[in-house]
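In each ligand, atom 1 is the first atom listed, and ligand 1 is the first ligand listed. Quick note: numbers below take in every heavy atom, side chains included, and nothing from hydrogens, waters or symmetry partners. Because the structure is a prediction, the values reported are computed rather than measured.
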Amino acid sequence: MKKDMHEIFREAFKCLGIEALRLIVGHRNSPSTQRELIRKRPHPKHLTLKGQQKRDRKDTLDRKFNIEGIPSLIVLKPSGDILTSSGVEEVQAVSDEAFRLWSEGKALFWTRSPGEDEHVWDDIACTRCHMRPIVGTRYGCAHQDCDIDLCEDCLTKYTHDHPIEKYLIPKKSYSLEHLFVSIPYLLAPKKGENIETKTLWNDDVKNIAIYFSAKWYSPAQEFTSKLAQLYEEVQTSDHPFRIIFVSSDENESSFDEFRADMPWPAVPFNKGAILKQYFQCGVHTLIVLSSEGKIVTRRGRNYVSSRGIEALKTWAKGERLSPLTEDEFEWAGFYCDGCETAPMIGKRYHCSTCGNYDLCSVCEKKGHEHPLELVPIPNDE
Ligand SMILES: [Zn+2]
Ligand SMILES: [Zn+2]
Ligand SMILES: [Zn+2]
Ligand SMILES: [Zn+2]
């Protein structure tokens, strides 16, 4: 990445012939790389921090420019004021244009202040006018090969090969109708006829589930077979339960392979991006929604794993399950440092002396050199 930056920088200089810009790239963890990467320095006064010891300087520069991650590129005006702190993102957006604008003392990104009820899309830039963050309605293309974002002004000026879709605002609540507005039909299981999406909640359906998963995610196979078995079972009861699959597969053929054994319908490949963005969930998640579109639980997978058919039957009736107990709770993203079980299920014991160290209830009994604390399960639903 940093090498690329220098490459682009040199290219841009070659054609512009402007020597007004200086590129400095620092590396937090490796002073030798940092020396190697520093090609041109700005006026020393911009790097001088009075009263600081030399070893603190890098850290203080990080703080001065509010740097949280690398690579990070801050473009300064001759006065030392910041022209843009999104240098990397501006170069990634349009390198030539970014360098040209900087040499004229302008930044590529711009934005406006939000009006009442307008959403601010942090870190998202309009591909066309470079408004960043996008304020107001955000549009995009759900096609896997496309990575475009448009603000509402650019929408009308832009022609695109695929259908343009409107993003849903995270955490805002929508009806099921609205959530699936860009997905008018679903692919039926077992190569059946397409299904009109709204028929899924037409007849007195209490709750539905959206299953986000992907074939490449190895634990997904086993869970999918279990869910399929329970799903078939619950269809024979008085209250059938509906599930819709949203794929994070890499291509359409693995999507088709993965859903071949699924007895529930799927959102067409390339049509799930809006839902994935809205729910902001992990690759392997089962979200249960009420018929009004309210989230019943985001931990559907955990409930299915520990409660089995009871979970599906309860949701189908429109009832809630009792909260997951300490012994049932699945700690997504945590593994046991003793037996390396991942993810950790059940009681989790944390060692604050070691820091990033957790043990499952079995390993906790074997003892640890420091005192351990039982981590309470989060109450986030
Ligand atoms: Zn725009
Ligand atoms: Zn597209
Ligand atoms: Zn363990
Ligand atoms: Zn410890």
Could you tabulate the donor-acceptor pairs under 3.5 Å formed by side-chain atoms of residues 282-293, not counting sequence neighbours?
{"residue": "His284", "atom": "ND1", "partner": "Ser213", "partner atom": "OG", "Å": "3.1"}
{"residue": "Thr285", "atom": "OG1", "partner": "Gly282", "partner atom": "N", "Å": "3.4"}
{"residue": "Thr285", "atom": "OG1", "partner": "Gly282", "partner atom": "O", "Å": "2.9"}
{"residue": "Ser290", "atom": "OG", "partner": "Glu292", "partner atom": "N", "Å": "3.2"}
{"residue": "Ser290", "atom": "OG", "partner": "Lys294", "partner atom": "N", "Å": "3.2"}

message: With 2.8 Å as the threshold, which protein atoms of type N, O or S lie near the Zn ion (ligand 3)? Leave waters out.
response: Cys336 SG, Cys339 SG, Cys360 SG, Cys363 SG

N, O or S atoms of the protein lying under 2.8 Å from the Zn ion (ligand 2): Cys141 SG, Cys146 SG, His160 NE2, His162 ND1

Can you tell me if [atom1] on [X] sees more than 12 non-hydrogen neighbours from other groups inside 6.0 Å?
| X | atom1 | result |
| --- | --- | --- |
| Asp147 | CG | no |
| Glu104 | CD | yes |
| Lys166 | NZ | no |

Arg259 (side chain) donor-acceptor with Ala188 (main chain) under 3.5 angstrom: yes

So, for [X] and [Y], is the gap between ring centers shorter than 6.0 Å?
| X | Y | answer |
| --- | --- | --- |
| Tyr174 | Tyr278 | yes |
| Phe241 | Trp264 | no |
| Tyr139 | Tyr158 | no |
| Tyr167 | His119 | no |

task: Check whether the side chains of Tyr211 and Thr224 place a donor and an acceptor atom closer than 3.5 Å, and report yes or no.
output: yes

task: Tell me whether Phe334 is reachable from Phe329 by hopping between hydrophobic residues (I, L, V, M, F, W, Y) whose side-chain heavy atoms are closer than 4.5 Å.
output: yes

query: Between Glu118 and Arg112, is there a salt bridge with N-O shorter than 4.0 Å?
result: yes

message: Does this structure show an ion pair linking Glu330 with Arg299, if we count only N-O contacts that are shorter than 4.0 Å?
response: no

message: Let's test this: below 2.8 Å, count the protein N/O/S atoms around the Zn ion (ligand 4).
response: 4

